[in-house]
Chemist: 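The structure under discussion is supplied below as structure tokens; questions concerning it will follow.
Lettering follows sequence order; numbering is per chain, from 1.
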Number of protein chains: 2
Amino acid sequence: MRIGELAQVAGTTAKTLRFYEDQGLLLPAARTASGYRHYGPEILARLDFIHRGQAAGLTLAQIRQILQIRDSGTAPCDHVRELLDIRLAEVDEQIAELGRLRETIGQLRTAAEHVQPETCQAGAVCAYL
Amino acid sequence: MRIGELAQVAGTTAKTLRFYEDQGLLLPAARTASGYRHYGPEILARLDFIHRGQAAGLTLAQIRQILQIRDSGTAPCDHVRELLDIRLAEVDEQIAELGRLRETIGQLRTAAEHVQPETCQAGAVCAYL
DNA sequence: CTTGACCTTCCAGTGTAGTGGAAGGTTGAG
DNA sequence: CTCAACCTTCCACTACACTGGAAGGTCAAG
């Protein structure tokens with residue numbers, strides 16, 4: 001499979017595949033005599049893994065780490081569990097923070113509802129933000 | 001007030017103040033004969049406004065827009081209300097999305113709990129991600 | 001008068017995950 | 001043989017809000 005075909009099958013772009021290789025997420029592809037990359041179908045599992053990792057909100061750096069453990073011959077189970085725990089805690093924190101932000105903005109918006117333009121004439125930029 | 005002093009009083013850095021001026025958030029500061037910026041105390045209300053806007057999750061571009069309306073002599077009330085509404089919807093959407101992500105990751109983590117390393121030996125990168 | 005803290009401008013880099021485009025080589029169908 | 005469609009590398013750029021550092025000018029205390 002050439003890079004464009006793989007990109008189409010995997011639902012990405014040739015540009016992104018080269019980028020992934022560059023970033024160490026894909027091992028350097030085999031080349032034809034003329035320098036074209038060519039791939040076997042087993043690469044699809046790796047790309048699917050990358051996509052699943054992204055769907056779970058892992059960074060490419062984290063995904064690369066898992067792949068490198070895998071490539072070194074070790075099962076990355078423990079590391080993956082650890083990353084999922086970290087990610088879970090991060091998401092919980094983000095949700096909590098956004099909840100607080102929502103509260104703040106909601107209050108500002110409520111206060112802004114009943115303000116007359118005249119009140120805005122003060123020296124401040126805006127009375128209710 | 002010189003820029004360093006203002007930065008300290010306002011809880012920011014001189015670098016950031018120059019950046020804000022550059023970005024159009026602060027009007028060009030008056031200069032001394034030798035080229036030093038100097039500020040009156042009224043600048044503090046503007047900086048506080050910028051900080052409140054950031055705390056509400058507005059981008060500097062949005063804050064600049066409000067300030068420019070203000071600077072043009074119009075009360076920015078309507079625009080601020082509109083921005084708060086948009087921001088509220090964005091935050092709600094982000095919270096919803098993070099909730100879905102949390103669900104996904106939680107399920108992956110639960111599934112990963114009871115996996116034996118041997119299961120990882122399959123051709124795939126990782127059985128449970 | 002010197003020294004150190006302050007100020008000036010300008011250029012470059014941070015992190016994330018790519019995207020855009022130029023310049024040039026290869027492939028395969030007609 | 002030609003031509004479009006594909007491939008290659010390399011460099012620059014996106015958004016966001018700054019931050020770092022170089023090179024040089026200014027100010028105030030001692």
Side-chain angles (χ1 to χ4, degrees), chain A residues 1-26 28-39 43 46-67 83 86-87 90-91 94 97-98 101, chain B residues 1-26 28-39 43 46-67 83 86-87 90-91 94 97-98 101:
Chain A
M1 229 183 326
R2 298 202 305 199
I3 196 168
E5 195 189 340
L6 173 60
Q8 203 162 17
V9 173
T12 183
T13 66
K15 209 99 187 171
T16 297
L17 292 175
R18 285 187 210 104
F19 173 72
Y20 283 173
E21 181 178 318
D22 216 55
Q23 298 295 301
L25 288 147
L26 302 180
R31 302 293 184 123
T32 66
S34 58
Y36 284 21
R37 287 173 181 82
H38 69 98
Y39 301 91
I43 192 82
R46 199 176 176 101
L47 284 173
D48 279 348
F49 176 77
I50 294 173
H51 290 330
R52 288 198 304 278
Q54 286 198 294
L58 298 183
T59 65
L60 292 186
Q62 290 171 320
I63 296 169
R64 175 177 52 220
Q65 231 176 0
I66 299 172
L67 289 167
L83 280 179
I86 292 171
R87 192 71 196 109
E90 282 171 1
V91 170
Q94 279 174 41
E97 200 170 321
L98 278 176
L101 182 57
Chain B
M1 230 182 327
R2 298 202 305 199
I3 197 167
E5 194 188 341
L6 174 60
Q8 202 161 19
V9 173
T12 182
T13 66
K15 209 98 189 171
T16 297
L17 292 175
R18 284 187 210 104
F19 172 73
Y20 284 173
E21 181 178 317
D22 215 56
Q23 298 296 300
L25 288 146
L26 301 181
R31 302 292 183 122
T32 65
S34 57
Y36 283 21
R37 288 174 181 81
H38 68 99
Y39 301 91
I43 193 78
R46 199 175 176 103
L47 284 173
D48 279 349
F49 176 78
I50 294 173
H51 290 330
R52 288 198 304 278
Q54 286 197 293
L58 298 182
T59 65
L60 291 186
Q62 291 173 319
I63 295 169
R64 175 177 52 220
Q65 232 177 359
I66 299 172
L67 288 167
L83 280 178
I86 292 172
R87 192 70 196 111
E90 283 171 0
V91 170
Q94 280 174 41
E97 200 170 321
L98 278 176
L101 182 58

Chemist: So how far off straight is the helix from C/dC1-D/dG30 to C/dG30-D/dC1, going by the axes through five pairs at either end, to 10°?
Modeler: 30°
Chemist: C/dG18, D/dT19, D/dT8: which one has an atom nearest the side-chain heavy atoms of B/Thr16?
Modeler: D/dT19
Chemist: Considering non-hydrogen atoms only, spot the tightest contact between A/Ala14 and A/Ala7 and give its length.
Modeler: N-CB, 3.5 Å
Chemist: Would you mind telling me which residue lines up with the more 5' stretch of DNA chain C, A/Ala61 or A/Tyr36, judged by nearest nucleotide?
Modeler: A/Ala61
Chemist: Can you measure B/Arg31 atom CZ to C/dC7 atom C1' for me and round it to whole angstrom units?
Modeler: 10 Å
Chemist: How is A/Thr59 classified with respect to the nucleic acid when contacts are heavy atoms under 4.0 Å: base, sugar-phosphate, or nothing?
Modeler: sugar-phosphate
Chemist: Between B/Glu5 (CD) and C/dA5 (C1'), how many Å, whole number?
Modeler: 14 Å
Chemist: Calculate the interatomic distance between B/Gln23 atom CD and D/dA17 atom P; express it in whole Å.
Modeler: 9 Å
Chemist: Do side-chain atoms of B/Thr32 reach the backbone of B/Tyr36 as a donor and acceptor pair under 3.5 angstrom?
Modeler: yes
Chemist: Separation of B/Leu17 atom CG from C/dC7 atom P, in whole Å?
Modeler: 10 Å
Chemist: Does atom CD of B/Gln23 have more than 12 heavy-atom neighbours, drawn from other residues, nucleotides or ligands, at distances under 6.0 Å?
Modeler: yes
Chemist: Between B/Leu60 and B/Ala33, who's closer to the 5' end of DNA chain D by nearest nucleotide?
Modeler: B/Leu60
Chemist: Would you indicate which nucleotide in D/dC7, C/dG20, D/dA17 comes nearest to any side-chain atom of A/Lys15?
Modeler: C/dG20
Chemist: Whole angstroms only, please: what is the CD-C1' distance between B/Glu21 and C/dC7?
Modeler: 13 Å
Chemist: B/Arg2 side chain N/O closer than 4.0 Å to the phosphate oxygens (OP1, OP2) of C/dC6?
Modeler: no
Chemist: Applying salt bridge (Lys or Arg N to Asp or Glu O under 4.0 Å) to B/Glu5 and B/Arg2, what does each step give before you reach the verdict?
Modeler: CA-CA 6 Å; B/Glu5 194 188 341; B/Arg2 298 202 305 199; over 6 Å; no
Chemist: Quick one: closest heavy-atom pair of B/Ala29 and B/His38, and the distance?
Modeler: CB-O, 4.4 Å
Chemist: Report the nucleotide, chosen from C/dT27, C/dC6, D/dT26, that has the shortest atom-to-atom distance to any side-chain atom of B/Ser34.
Modeler: D/dT26
Chemist: What is the distance from CZ of A/Arg18 to C1' of C/dA17, rounded to the nearest Å?
Modeler: 16 Å
Chemist: Looking only at N and O atoms, is any donor in the side chain of A/Tyr20 or the base of C/dG18 less than 3.5 Å from an acceptor on the other one?
Modeler: no
Chemist: Starting from P on D/dC7, measure out to NE2 on A/His38 and report it in whole angstrom.
Modeler: 14 Å
Chemist: Nearest to the B/Phe19 side chain among D/dT8, D/dA17, C/dT19, which nucleotide is it?
Modeler: D/dA17
Chemist: Indicate yes or no: at least one non-hydrogen side-chain atom of B/Leu26 is less than 4.5 angstrom from one of B/Leu47.
Modeler: yes
Chemist: Quick one: is B/Arg37 getting a side-chain N or O under 4.0 Å of the C/dT8 phosphate, OP1 or OP2?
Modeler: yes
Chemist: Any chance you could lay out the side-chain contact (heavy atoms from CB on, under 4.5 Å) test for A/Phe19 and A/Leu25, step after step, and finish with the verdict?
Modeler: CA-CA 9 Å; A/Phe19 173 72; A/Leu25 288 147; 5.7 Å; no
Chemist: Using OP1 and OP2 only, check whether a side-chain N or O of B/Thr13 sits under 4.0 Å from D/dT19.
Modeler: yes
Chemist: Given D/dC18, is OP1 or OP2 found less than 4.0 Å from the side-chain N or O atoms of B/Gln54?
Modeler: yes
Chemist: Is B/Gln8 atom CD crowded by more than 12 heavy atoms from other residues, nucleotides or ligands, each under 6.0 Å away?
Modeler: no
